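Following: one structure in structure tokens, then a few remarks.
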Amino acid sequence: MASSPCLRLRSGFLAEPGGAAGDGAWITAAYQQPFEAAAWNARFDASTPVEMIWDFHTELLHFYLDDAFSDGDMLFHDDTAPAAAYLPLLNAGWTHTASHWGSQHFRSPDGMAHLEHRYGTTDRNKPVWMLNMGYPSEPLWQASFTSRTPVTYVAAFTSSLVTEEPLTRAVSEVPFHTRHLARLASVPDRTPASKPAMPPAPPHNTAARTC
């Protein structure tokens with residue numbers, strides 16, 4: 001577990017009791033007072049792609065550090081509209097439906113991902129953003145955010161979810177029953193086109209050099 005110096009942010013991996021090695025969840029929680037109940041928390045299954053957890057934490061750290069030099073408090077107060085979390089999905093071709101019970105549903109074009117936003121829920125301890133990845137009957141991983149999670153951080157996660165930047169994976173790391181959905185991309189060549197020019201050699205006669 002890691003905590004911020006002010007103890008208002010804590011993040012760590014909680015292993016599943018009696019589960020196999022690696023089973024559990026990554027949980028990040030924010031506290032208005034260090035020894036009170038968490039104001040909000042985000043939960044990611046252990047099998048959630050690490051790049052998405054990284055993007056979520058990067059956005060969180062960015063605003064945490066900014067708060068030290070401003071009067072804002074982006075850990076808890078965010079005026080960002082929920083649409084900021086929806087738009088990355090809609091721009092990526094996800095479908096949208098709304099129910100009469102205070103929830104909205106977003107589904108990926110391949111049907112392998114489903115995000116539910118229960119905007120009518122006011123209980124701060126209950127998740128209101130819930131993402132299921134994989135077949136509905138057998139999710140590969142799940143992620144959730146409770147009601148008071150600033151939308152900015154949810155949007156960082158949904159943006160990461162639909163980015164088209166390739167990920168490096170070995171075949172054994174891709175679940176067998178979803179491998180047919182994977183798209184292959186060539187690894188970008190990061191080698192320089194030519195060797196950089198070497199700096200000129202220093203003069204041999206240093207008698208006239210000044211310090």
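These figures come from a predicted structure and were not determined experimentally.
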Could you tell me whether the side chains of Asp78 and Thr80 share a donor-acceptor contact shorter than 3.5 Å?
yes
Tell me, with the steps shown, if Leu75 and Phe63 meet side-chain contact (heavy atoms from CB on, under 4.5 Å).
CA-CA 7 Å; Leu75 288 183; Phe63 283 102; over 6 Å; no
Indicate, with yes or no, if Met1 and Tyr31 share a hydrophobic cluster defined by side-chain heavy-atom contacts under 4.5 Å among Ile, Leu, Val, Met, Phe, Trp and Tyr.
no
Does the side chain of Thr149 come within less than 4.5 Å of Phe157's, by heavy atoms?
no
Taking C-beta and beyond as the side chain, do Phe76 and Gln32 meet within less than 4.5 Å on heavy atoms?
yes
N/O donor-acceptor pairs under 3.5 Å from side chains in residues 126-145, not counting sequence neighbours:
{"unit_1": "Asn132", "atom_1": "OD1", "unit_2": "Gln142", "atom_2": "NE2", "d": "2.3"}

CD1 on Ile53 to CG on Asp45, rounded to 0.5 Å:
9.0 Å
Step through the shown structure and confirm whether more than 12 heavy atoms of other residues, nucleotides or ligands are within 6.0 Å of CD on Glu173.
yes
Tell me the closest heavy-atom pair linking Ser172 and Arg179, and the distance in Å.
CA-NH2, 4.1 Å
With the 4.5 Å side-chain cut-off for hydrophobic clustering, are Val174 and Met112 part of the same group?
no
Which of Trp54, Phe56, Phe13 passes ring pair (Phe, Tyr, Trp, His ring centres under 6.0 Å) with Trp26? It is Phe13
Is any side-chain heavy atom of Asn125 closer than 4.5 Å to one of Thr146?
no
Please check if the number of heavy atoms outside Asp79 that lie under 6.0 Å from its CG is greater than 12.
no
Sequence-distant partners of Asp66, side chain to side chain donor-acceptor pair (under 3.5 Å), two or more places apart:
His62
Strictly by modelled atom types, are Ser108 and Asp110 linked by a side-chain donor-acceptor pair under 3.5 Å?
yes
Sub-4.5 Å side-chain heavy-atom contact between Trp40 and Pro150
yes
Does the side chain of Phe106 reach to within under 4.5 Å of the side chain of His114, using non-hydrogen atoms?
no
With a 6.0 Å cut-off (strictly less than), is the heavy-atom count around CZ of Arg118, excluding the residue itself, greater than 12?
no
Quick one: list whatever passes side chain to side chain donor-acceptor pair (under 3.5 Å) with Arg169, sequence neighbours left out.
Glu51
Check: residues 2-11 side-chain donor-acceptor pairs under 3.5 Å, at least two apart:
{"unit_1": "Ser4", "atom_1": "OG", "unit_2": "Leu7", "atom_2": "N", "d": "3.4"}
{"unit_1": "Ser4", "atom_1": "OG", "unit_2": "Arg8", "atom_2": "N", "d": "3.3"}
{"unit_1": "Ser4", "atom_1": "OG", "unit_2": "Leu9", "atom_2": "N", "d": "3.1"}
{"unit_1": "Arg10", "atom_1": "NH2", "unit_2": "Pro34", "atom_2": "O", "d": "2.2"}
{"unit_1": "Ser11", "atom_1": "OG", "unit_2": "Thr28", "atom_2": "OG1", "d": "2.9"}
{"unit_1": "Ser11", "atom_1": "OG", "unit_2": "His57", "atom_2": "NE2", "d": "3.2"}

Identify the two heavy atoms, one from Thr158 and one from Pro88, that lie closest to each other, and give their separation to 0.1 Å.
OG1-CG, 3.9 Å
Residues passing the ring-ring contact (aromatic ring centres under 6.0 Å, His included) test with Trp94, sequence neighbours excluded, are none
From Ser159 atom OG to Met52 atom CE, the distance as rounded to the nearest 0.5 Å:
11.5 Å
If you round to the nearest 0.5 Å, how far is CG of Leu89 from NE2 of His117?
12.0 Å
Does the ring center of His105 lie less than 6.0 Å from the ring center of His96?
no
Does Thr152 reach the side chain of Met74, with side-chain heavy atoms less than 4.5 Å apart?
yes
With side chains defined as the heavy atoms from C-beta onward, is the minimum distance between Gln104 and Tyr86 less than 4.5 Å?
yes
By side chain to side chain donor-acceptor pair (under 3.5 Å), which residues pair with Arg148, not counting sequence neighbours?
none
Do Leu61 and Val154 share a hydrophobic cluster (ILVMFWY, side-chain heavy atoms under 4.5 Å, transitive)?
yes
